[in-house]
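Taking it in order: structure first as structure tokens, then the write-up.
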Amino acid sequence: MFAAGQHASTCHPHMIIAYRAGHKMKVSNMPVTEVKTGQDIPAGGVTFEWLRQAEDASLHRDQEVHTVAGVYGGQPFSVIEEFNFWRSKPELAEAVAAIKALTAVIKRSEASTMMGLEIELRNASDALKAWDETSISLTAGCNLFLRYVTRTSAVEYEDIAAGKARLIERGERFGEISQKARRTIAMLGQDFVHDGCTILTHGFSRVVLALLKLATANGKRFSVICTEGRPDNTGAEVAKELLSVGIPVTLILDSGVAYMMEKVDMVLVGAEGVVESGGIINMLGTYQAALVARTMNKPVYVAAESYKFARLFPLDQRDMSPSPRHVDFAEPIPPEVTVENSARDYTPPQYLTLLFTDLGVLTPSAVSDELIQLYL
Amino acid sequence: MVGTTSGYEAAVDQFVTKMRRRQVVGSQSSAKLTAELLRLVVSHQRLPSSGQAAALIEAVKAVGVRIIAANPIELALGNIVRRVLHIIREEDVSLASDSILDSTLDSDDEDEFGNVARQSALSAVSVAAATRNTLRAPSLYNLLESVPGTAATQVARVPSATESEARSRSGDRNLMSRKLKHNVIEAITELLQEIDNCHSQVAEQALEHIHQNEVILTLGRSVTLREFLKEAKKKRSFQVVIAEGAPRYQGHMLARELADVDLQTTVITDSAVFAMISRVNMVIVGAHAVMANGGVVAPVGLHMVALAARRHAVPFVVLAGVHKLCPQYPHNPDTLLNDLKSPSEIIDFGEFSDCLDGSPGGSRTHVVNPSFDYVPPELVSLFITDTGGHNPSYVYRLVAEYYSPEDYVL
């Protein structure tokens, strides 16, 4: 069906639609006009073959919108349930659970072409994102897997059975990859922890904890200052974890960051998402800590796995999808008082020193390079 | 194996001893000697018929680890070892993909081999994709695609698929083995030339940066800087203010060398830098090493000059040959990468011996004489290397171009 040696994009057309958080894909019966911004009209022009496939796919999609959440090949299947099942395992991050759920979609898929499979996956991914619109790592994980599927099908596999098998194998390995990622980051980052240093941390991040535990296991003696982390009370959880491996911990109020900064040697945080500019989105208060650290010339290190890299470019703090969190105040507040209760903030790249990722140690300017390598 | 190694063992031992005794001074000469030694190692290696690149890499790594251990402060040694490893990997990959394309070109002629041609062409596409991935640093795509090890075995597996119908190609295989060594040695010779020419390459860019009637400030002495200024002197007239660079006072030597080419020079003490900085247009300095985050390991006193320049918005330009670019990050630069020299350079032993360390009255005076300073990347405006001018935030790209991530930890 495909002539040898022809470049993949001319013989295997597919529509790639750029994703932004919260963006919904439009459904249309005229696939030619749906192609966005000059991408992926095949080099040889729009052929009948391409049109036919695209029309088939979009017709197929109308039917499948219903099947994703309902009966699927005789068995009830919901991608959301699958996701929650994986999410309930404490060691798995959100993005990994999402990818495992999408792998399950591939397993149960009955599509006969790679394009059909991609459409199904896109629907499933939309459903997941709609279920939790605020989670950046979930969105990033879905986008990463979808992008990977698109690229794989374009380059290598004409036979759908082989292609599916490969994708399923990759998706299932992804759980291992995420564990390996944490270990790699811990190994890279613990070099930067020296004896006698004081580390300030904010928020609860399993990667940061893995890093600190590995540093202790390697015989380094250091102490940690962690912020209380209202309203999530992450501080208490972090303190418990660190005490269990014998790291001395000091708990401070969120407002005490500047007060303690002179005693601190470095700031180490995790990230919910790493954005294109090289900045990070993390729990509310990270930006504040980074600002104070920069003023007092302390390095700010971020530990984040590579699947958290998201295609976002926030220009200011309001430029992300809002994620409000309920806050308990000690006294009852009169209803006329508005409460600003965003759960996270954006730290621009100029306040970050280095990012520890499983791709290696990166400077913030190197992050956009990595993203381009993936998405181009 | 014993026979082949004794050829270069003596040379390696000699080199290691020289480095340990600090008889080789300066990153350029260290880099040159290391590259020459590694070229010797490569040419003496007798390679097995398959997995040659791996054998070469093992041999070079074994020697490289010894060289680095002999003088850990001289970062250029590790840089050159990693460059050579990267060269071996690159040549191996390009030879493998060349041989695949060769085999497809041959079998295209015959009709009966039509199927084979189609298979090989497709696999060539995937091999090219795999090689693109192996040469690049681990990326998000590679994360899902494969571990670098399996990609390499893909590359190795495809030749074996064509092996069965190409017994006559065994002659070609021997040719390929000799080709790898030959290509690697050629590439190392190019590397040596590059190290030799680094001063002139950097100096070529002098006219773009130094303008008429400018005042340049520097501290201590750098050969790269001297050539840079001499080149600019040919077409521009400007002045140079040189801070003497205690305790070794190498600024005096640079002043003499520049005065010999009729450049107007002013010598000041290090403490006068802040006083003079507002009257200066640009600060240009050399470096001992450039780290992967854009930070600079420079002769002591330059951090202070960088701070002064930042305070008065004066551009701080660093000249460095590419052999000084190090793929590692400074974990704890002030203590780890510093060379603490003898305190007698600062205080004469005779005059103050009664209050120095180990004296009968107990030590009341510690004398610390570090040779290097770490200048963080925020303070540097521009790097001028033999490949051109770069931002500190661009250094990671240069590192990715010249080094393979598998070699960062030897």
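Chain letters run A, B, ... following the sequence lines, proteins first and then strands; every chain starts at 1.
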Show your reasoning for whether side-chain contact (heavy atoms from CB on, under 4.5 Å) applies to A:Asp369 and B:Tyr396.
CA-CA 10 Å; A:Asp369 225 31; B:Tyr396 74 92; 3.5 Å; yes
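- A side-chain donor-acceptor contact under 3.5 Å links A:Ser365 to the backbone of B:Ser393.
- Within the 4.5 angstrom heavy-atom criterion, only side-chain atoms of A:Leu354, from C-beta onward, approach chain B.
- Taking the six-membered ring where the residue is Trp, B:Tyr329 and A:Phe192 present tilted rings, their angle falling between 30° and 60°.
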